[in-house]
Amino acid sequence: MPYDRSPGLAESVRALAAGEVTSRQLVEECLARIEATQGSLNAFRIVRTAAALAEADAADRELADGVRRPLLGVPVAVKDDTDVAGEPTAFGCRGDFPSAAEDGEAVRRLRAAGAVIIGKTNTCELGQWPFTEGPAFGATRNPWQPQHTPGGSSGGSAAAVAAGLVPAALGSDGAGSVRIPASWTHLVGIKPQRGRISTWPRGESFQGITVNGTLARTVADAALLLDAASGNHPKDPHRPRELAVSDAVGRDPGRLRIALSLKPPFTALPARLQPDVRARILELAERLAALGHTVVEADPPYGQIGLTFIPRATVGIAERVREVPAPGLLDRRTLEAARLGRLLGGAPLRAARRAESALRHRIGGFFASYDAILAPTTAAPPPRVGAMLELGQFATDRAMIAACPYAWPWNVLGWPGVNVPAGFVGDGLPVGAQLLGPADSEPLLVSVAAQLEAELRWHEHWPAQAMVTDSPAA
């Protein structure tokens with residue numbers, strides 16, 4: 001049967017195994033949806049038309065022979081910061097990038113699970129900002145309201161999944177870059193434990209603050225993609241114990257003590273939770289209480305955690321800038337961040353890295369009293385396309401912190417977080433909440449997220465088709 005929108009990941013696996021559809025059909029329909037929306041949503045930087053069809057045909061032959069693998073024949077997308085053999089990895093930048101010689105470890109594992117890599121999705125320049133636009137590829141738009149951004153930096157992956165172009169997609173999260181676009185496009189976004197999904201050929205991406213994660217419409221699909229992509233390269237420095245996160249979907253988490261944390265962590269610039277977003281988070285807290293959990297307002301002891309984030313982030317940018325073939329084409333803000341990173345790359349970076357252990361110990365003590373945290377993912381709904389594009393460095397930082405002050409501490413700690421849809425504000429703009437936990441808590445967070453999904457049925461709501469296929473509003 002033809003699909004106007006992509007069926008979910010688990011549904012695609014089931015339909016393929018049952019012989020109700022072929023991988024080639026799924027991939028052809030996926031390619032048609034991408035082509036129909038590229039002029040409006042602009043979710044993809046690279047579409048692997050010929051290669052994906054060849055991979056689909058190979059998957060169909062395996063399926064006909066009775067082979068079964070977790071994602072055999074299912075099309076998925078990956079963010080354009082991840083190496084796919086034979087394709088350039090431009091990471092939102094202009095310039096002539098060489099084709100990658102081999103797959104990154106996460107893509108290798110997706111292929112081993114049988115997935116068809118349909119293409120690479122748009123991301124802002126070196127993943128720095130909560131919007132996905134720039135001179136390298138234009139603007140990626142939000143399927144729910146195309147005048148607005150889907151967020152960033154995994155905005156292309158989020159737009160592709162939210163619009164039903166693909167069942168699920170890989171993203172990366174260095175300061176909320178999976179959770180923020182998931183929040184702003186009504187998706188589930190899992191930022192896993194550091195090392196859960198390898199970032200190889202970079203053992204530590206952005207000095208360890210960036211991890212790969214997953215975006216999908218349902219908790220089950222996000223967990224399924226996470227399990228398929230999880231695992232390590234032999235040289236990975238971070239190797240958490242193996243988990244079967246999908247097994248937690250539908251599992252009763254028990255009655256939990258959940259901290260409702262509404263206060264943004266300290267930053268040097270002001271941040272305020274907008275009242276309409278606050279109202280959506282409080283509604284989720286009430287729903288959790290109705291499910292039998294004890295929900296208490298309490299904030300983790302973040303302290304001056306931001307002082308450890310800036311050296312790691314800017315040194316990471318400086319490292320990436322050194323690899324860009326045409327640095328003169330980069331955004332002036334990127335070059336300013338790289339200059340700061342070069343200044344902070346010695347003693348300040350070493351101090352920031354050493355501080356992580358003490359921060360984990362102090363904030364980890366919070367989980368002696370609480371099992372998980374419920375917090376806003378963002379303080380505001382998605383801004384309009386172009387709102388931050390031409391700002392200077394200080395104005396961009398100010399706008400980012402005002403909109404997105406909540407996600408980044410968990411990148412310093414390296415612990416898991418899951419965005420869940422929290423509803424809509426204003427003129428139909430999605431917002432989300434994040435469930436946060438200590439090390440290796442993905443199963444607990446996923447079980448709670450699935451419990452909420454069973455109540456709220458957020459995956460049954462889709463953007464209007466006209467917004468997906470028509471030309472974007474000015």
S.K.: State whether Trp462 and Arg5 meet the cation-pi test: NZ (Lys) or CZ (Arg) under 6.0 Å from the six-membered ring centroid, and within 45° of the perpendicular axis.
M.R.: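 Yes, Arg5 lies over the aromatic ring of Trp462.
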S.K.: What are the two closest heavy atoms between Asn232 and Ser198, and how far apart are they?
M.R.: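 Here Asn232 and Ser198 meet closest at CA-CB, 4.3 Å.
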S.K.: Are the side chain of Asn212 and the backbone N or O of Ala106 linked by a donor-acceptor pair below 3.5 Å?
M.R.: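 A pair under 3.5 Å: no.
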S.K.: Other residues, nucleotides and ligands only: do more than 12 of their heavy atoms fall within 6.0 Å of CD on Glu460?
M.R.: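 For Glu460, atom CD is crowded (more than 12 foreign heavy atoms under 6.0 Å).
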S.K.: Would Arg257 and Asp371 pass as an ion pair if we require N to O under 4.0 Å?
M.R.: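 Yes, Arg257 and Asp371 are salt-bridged.
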S.K.: Would the number of heavy atoms belonging to other residues, nucleotides or ligands and lying under 6.0 Å from CD of Glu283 be above 12?
M.R.: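 Yes, because the 6.0 Å sphere around CD of Glu283 holds more than 12 heavy atoms from other groups.
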S.K.: Please tell me whether Lys191 and Ser177 have a donor and an acceptor in their side chains that are separated by less than 3.5 angstrom.
M.R.: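 There is no such pair (donor and acceptor under 3.5 Å, judged by atom type) between the side chains of Lys191 and Ser177.
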S.K.: Whether the Ser205 and Arg320 side chains hold a donor-acceptor pair (N or O, under 3.5 Å, no angle test) is what I'd like checked.
M.R.: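 The criterion, which ignores hydrogens and geometry beyond distance, is satisfied for Arg320 and Ser205.
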S.K.: In terms of relative ring orientation, are Trp410 and Trp415 parallel, tilted or perpendicular, with 30° and 60° separating the classes?
M.R.: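 The rings of Trp410 and Trp415 stand perpendicular, inter-plane angle above 60°.
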S.K.: Any Lys/Arg nitrogen of Arg24 or Asp60 sitting under 4.0 Å from an Asp/Glu carboxylate oxygen of the other?
M.R.: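 Salt bridge flag = no for Asp60 with Arg24.
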S.K.: Ignoring hydrogens, what is the shortest heavy-atom contact between Thr123 and Ser153? Give both atom names and the distance.
M.R.: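 The answer is OG1-O, 2.9 Å.
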S.K.: With sequence neighbours left out, write down each residue that passes salt bridge (charged side-chain N to carboxylate O under 4.0 Å, His left out) with Glu455, or none if nothing qualifies.
M.R.: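 Once residues adjacent in sequence are excluded, the partners of Glu455 under the salt bridge (charged side-chain N to carboxylate O under 4.0 Å, His left out) criterion are Arg287.
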S.K.: Could you walk me through whether Trp458 and Leu452 pass side chain to side chain contact (heavy atoms under 4.5 Å, CB included), step by step?
M.R.: CA-CA 9 Å; Trp458 53 61; Leu452 282 169; 3.9 Å; yes
S.K.: Enumerate, atom names and distances included, each donor-acceptor pair closer than 3.5 Å involving a side-chain atom of residues 432-440, sequence neighbours excluded.
M.R.:
residue, atom, partner, partner atom, Å
Gln434, OE1, Arg179, NH1, 2.9
Gln434, NE2, Pro376, O, 3.1
Gln434, NE2, Tyr406, O, 3.2
Asp440, OD1, Arg196, NH2, 2.9

S.K.: For Arg94 and Glu125: C-alpha separation, side-chain torsions, deciding distance, then whether salt bridge (charged side-chain N to carboxylate O under 4.0 Å, His left out) applies.
M.R.: CA-CA 9 Å; Arg94 289 183 287 178; Glu125 194 168 285; 5.8 Å; no
S.K.: In chain order, what residues pass the side chain to side chain contact (heavy atoms under 4.5 Å, CB included) check against Arg111, with sequence neighbours excluded?
M.R.: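 Once residues adjacent in sequence are excluded, the partners of Arg111 under the side chain to side chain contact (heavy atoms under 4.5 Å, CB included) criterion are Arg48, Glu55, Val84, Asp103, Val107, Ile117.
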